[in-house]
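The structure under discussion appears below in the form of structure tokens.
On a predicted model such as this, the values are computed, not experimentally measured, just so you know. Indexing begins at 1, ligand by ligand and atom by atom, following the structure's order.
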Amino acid sequence: MDEQKIEFYKGPAGGWGALKSVGRALQRQDIAIKGAKTLLSANQPDGFDCPGCAWPDRNHASTFEFCENGAKAVAAEATARRAGPELFARYSVAELAEQSDFWLEDQGRLTHPMVYDAATDHYLPIEWDAAFALIARHLNALPDPNQAVFYTSGRASNEAAFLYQLFVREYGTNNFPDCSNMCHEPSGSGMRPQIGVGKGTVSLEDFEHADAIFIFGQNPGTNHPRMLGELREAHKRGAKIVSFNPLRERGLERFQDPQSKMEMATMGSTPISTHYFQLQVGGDFAALKGMMKHLVEREDAGEQVLDHAFIAEHTSGIEALLADLRAESWEALVAESGLSEQQIRQAAEVYRQAERAIVCWGMGITQHQHSVATIQLIVDLLLLRGNIGRPGAGPCPVRGHSNVQGDRTMGIWEKPPAALLDQLEKIFGFKPPREHGWDVVQTIAAMRDGKGKVFFALGGNFASATPDTFETWKALRRCELTVHVTTKLNRSHLIHGREALILPCLGRTEIDMQAEGPQGVTVEDSMGMVHISKGINPPASEHLLSEPAIVARLAHATLGVRSRIDWLGAIENYDRVRELIEKVFVDFHDFNRRVAVPGGFRLRNTASERVWTTDTGRANFYAHRLPTDTPVHRARAKGLDTIVFKLGTTRSHDQYNTTIYGMDDRYRGVFGQRRVVFIHPDDIRSLGMRDGDWVDLQTVWDDGQERRAERFKLVPYDIPRGCLAAYYPETNPLVPLEAVALTAGTPTSKSIPVILVPHLAAAPAPSMPLFEGATA
Ligand SMILES: Nc1nc2c(c(=O)[nH]1)N[C@H]1C(S)=C(S)[C@@H](COP(=O)(O)OP(=O)(O)OC[C@H]3O[C@@H](n4cnc5c(=O)[nH]c(N)nc54)[C@H](O)[C@@H]3O)O[C@H]1N2
Ligand SMILES: Nc1nc2c(c(=O)[nH]1)N[C@H]1C(S)=C(S)[C@@H](COP(=O)(O)OP(=O)(O)OC[C@H]3O[C@@H](n4cnc5c(=O)[nH]c(N)nc54)[C@H](O)[C@@H]3O)O[C@H]1N2
Ligand SMILES: [Mo]
């Protein structure tokens, strides 16, 4: 294992550090020349879509855009390592479960479909047809299709996602929990009633015109490295970049562009943020209200701040918002945001002085109890000055998984709009279920309570990504059947139902050969651009099937002659799947032709045209009272004799969600380890503890259940007092299942009320190794 150390990182984000790190990643995966060639095909017009993140490509039709974490994601998939039947013959499931998450994925690509054998506690190879027959038998035996659930992770292509929702709805349920439920769900829930679309309205060109870019709760240096290129350019032409983040994140401070020969040769770098506001975890709500209050005060003092013409022509509800802002007290806004009145006014002045403004946000905004309201305040702020639907302005929720936005567009949604169901009925002639299905949290509760019996996952790592880990594990273990379509071995395959299958699939980087030749799939990025993705590597094993093929063959096996759809015909050539997509969704007209153009096409976004498909036919302002009833407020009101902290769980630089690439978090100065908790030095002293002490984190909750994550090292950090940060997924056992964003159901992974207690070396080890290093 690498040396464990904590060392302040002095360099800029990007630069040579990023190049070195890619070299190591390729070496780890035993990739030589092939890897380099694979990297050069990422985000090329005739290559595959990078499986890293959903940030759009600027030069989709020209040069390769270097991105460290994109390269790591590609290397992880194109690895030369294999996890074949020998691995499963050598280790029982109980033995595999003893291994860390890092070790599991590090075994490499899965090569054969596997079935769980309870008699020996081993996974054994199974033929594809037998696997599909097994699933079909379970599905057809359920008295009610709503006892089955179909999870999706956001890497699935449009084609796979479309066929999947079609199959599941023809089968008879809307139980579509997906990773979006844990991610940007509140963005859609907030914006849809407000501006008529659940997506951002900006495109990359808008970044060239914005005078100010606000970034709330995002760490692009790690999670969207290519976004730094846009921010760097914006900074260079004098745009103001304003970050709101409790932690000082390196990538939001300085960036050395590996694409710039000049910066690389001279060790130069470009500053990113012109303003950095280190607010309290969850303080954005109050900060946003404060910014708007400042604008209204200036307006009331006789200045022309608001865009009255826009407000009059395009919006509804301004009076209630203004009244609410006028009544709000600065004292409360300061207390809740953790920023001074002057800081809030300063941020608001940057906004006021900008002719055109963009607001970006990520998980720091979406994973709280009041996320939906916070997002509506962001949109209010934009609407006050007409910053939607003109160049250089608009909301920009920055999505995570590379096709998470496309999956939702294709109908992966537990709350499908009636219009989609009508359309499916009209075109395919079956009666889709009308009742809404379960989201992620509802699915876990339903399986735990015995109401969900068959769990099928198209990608992802449900057992590790979800909240309240042990409740989730109980839930999965109560299932009659669990099935995972996957590229690599992960925890979810070991926390299985009475019967279980692992179905290995092709990755994005691989050639997808079907009856009529090699196929491409399509994806939609965070800004609504749809383009084709074609693999270039030979498949990791000859036994792999593509995701569309798995879905189609399963549908054929399950529905048989009952079905109105020619499943096997559809996958002979994915053009046929796209023809079905275009029949259902008008925005995909001429799909095959338009996606054949290098770079693809942009989906229509009505809000960006100032067409408001809302209940009022206008953009709606929403007024929201400052909340004082969050779990953290309640926990603090208990009067415990120790500090109740607000814990935000976050990603390290060496991970992709639950996939751990390595043990370093370079920009935060953490090396060789992950069980750390970032804390203000004065809080360490107040607790009577010292740097480097080992602590357990314990959730303060009302249901009498103990939620504890053990053995974390205290790391003094530039973070506000009363706040903590630690990595996900190690901290997921701390998130109570019922702690969700109001109306969106998203687990509140960024604001968990916790206390710290000294870790007793003698404490019994957890019964199962909890993620990497837990038992070290
Ligand atoms: N390399 C890599 N790329 C990824 C991923 C990955 O794991 N690795 N994951 C992908 C996915 S699915 C997603 S959703 C995105 C996630 O990308 P991000 O949205 O950047 O996600 P996080 O790392 O969880 O946290 C973001 C930031 O929120 C800050 N924060 C925490 N609490 C608060 C708060 O209350 N207010 C504010 N203003 N900030 C807060 C944290 O300090 C952190 O800087 O990235 C995608 N891209
Ligand atoms: N505490 C806490 N919890 C969180 C979050 C947080 O910030 N804090 N973030 C949440 C967010 S934003 C998200 S999006 C979720 C992520 O939840 P998921 O999407 O479920 O998790 P991932 O870790 O992205 O899934 C990784 C697995 O996907 C499989 N995989 C990779 N490529 C492919 C492919 O091409 N096809 C298929 N079929 N499988 C593939 C691999 O087996 C890999 O093990 O986690 C959420 N959970
Ligand atoms: Mo995500």
Side-chain angles (χ1 to χ4, degrees), residues 51-55 67-70 72-73 76-77 101 104-105 110 151-157 160 178-184 215-225 243-249 251-252 277 279-285 287 361-368 374 398-402 404 440 457-467 484-493 503-509 547 550 646-659 661 678 719 723 725 727-732 734-735 746-747 749-752:
C53 71
W55 188 257
C67 163
E68 173 191 356
N69 279 344
K72 283 175 358 196
E77 183 176 299
D101 291 288
L104 295 175
E105 293 217 22
L110 293 158
Y151 178 66
T152 315
S153 171
R155 265 195 206 183
S157 64
D178 73 340
C179 68
S180 232
N181 296 148
M182 299 182 272
C183 188
H184 265 291
I215 304 171
F216 284 89
Q218 238 199 298
N219 183 21
T222 287
N223 298 318
H224 303 90
S243 290
F244 290 83
N245 199 310
L247 269 67
R248 278 207 96 83
E249 302 284 26
L252 290 169
F277 297 107
L279 74 186
Q280 282 278 314
V281 163
D284 309 82
F285 189 115
W361 68 92
M363 296 300 100
I365 291 294
T366 63
Q367 297 174 332
H368 302 278
T374 308
V398 181
R399 308 271 162 179
H401 269 297
S402 49
V404 63
V440 163
L458 188 64
N461 187 357
F462 194 86
S464 287
T466 49
H484 292 273
V485 178
T486 182
T487 49
K488 290 189 168 178
L489 182 61
N490 68 38
R491 182 70 52 203
S492 298
H493 315 145
L503 305 180
C505 65
L506 292 173
R508 287 259 177 92
T509 54
E547 290 179 333
I550 290 174
K646 293 186 232 185
L647 167 69
T649 62
T650 188
R651 293 152 171 80
S652 84
H653 195 64
D654 274 359
Q655 78 182 80
Y656 192 91
N657 297 339
T658 67
T659 298
Y661 301 135
F678 301 107
I719 181 173
C723 299
Y727 301 131
Y728 127 80
E730 287 84 343
T731 43
N732 283 25
L734 295 168
V735 187
T746 303
S749 313
K750 293 284 188 285
S751 50
I752 315 163

| note | Numbered in order shown, the ligand 2 atoms found under 4.0 Å of a heavy atom of G459 are 37 (C), 38 (N), 39 (N)
| task | Identify, with sequence neighbours excluded, every residue that meets ring-ring contact (aromatic ring centres under 6.0 Å, His included) alongside Y661. | result | none
| field | Atom indices of ligand 2 within 4.0 angstrom of C505 heavy atoms, with elements | value | 36 (N), 37 (C), 38 (N)
| request: Check the angle between the aromatic planes of F244 and F216 and answer parallel, tilted or perpendicular using the 30° and 60° thresholds. | output: parallel
| Listed partners of K750 passing side chain to side chain donor-acceptor pair (under 3.5 Å), at least two apart | Q367
| field | Numbering as shown, the atoms of ligand 2 that approach V485 to under 4.0 Å (heavy-atom distance) | value | 37 (C), 38 (N), 39 (N)
| remark: Residue shell for ligand 1, any heavy atom closer than 4.0 Å, reads C53, N69, C183, G217, Q218, N219, T222, N223, H224, F244, N245, P246, L247, E249, L279, V281, G282, D284, G362, M363, G364, H368, G400, H401, T650, R651, Q655, Y656, N657, K750
| remark: N732 heavy atoms within 4.0 Å reach ligand 2 at atoms 1 (N), 2 (C), 3 (N)
| Heteroatom distance test (K488, ligand 2): nitrogen or oxygen, under 3.5 angstrom | yes
| task | Could you tell me whether the side chain of N219 reaches within less than 4.5 Å of the side chain of R651, counting heavy atoms only? | result | no
| Contacting atoms of ligand 2, where contact means under 4.0 angstrom from a heavy atom of N490 | 27 (C), 42 (O), 43 (C), 44 (O)
| Taking only heavy atoms of E105, which atoms of ligand 2 are found under 4.0 Å from at least one of them? | 43 (C), 44 (O)
| request: Apply ring-ring contact (aromatic ring centres under 6.0 Å, His included) to Y728 and list each qualifying residue two or more places apart in sequence or on a separate chain. | output: none
| Taking N or O atoms only and a 3.5 Å limit, does G507 qualify as a polar contact for ligand 2? | no
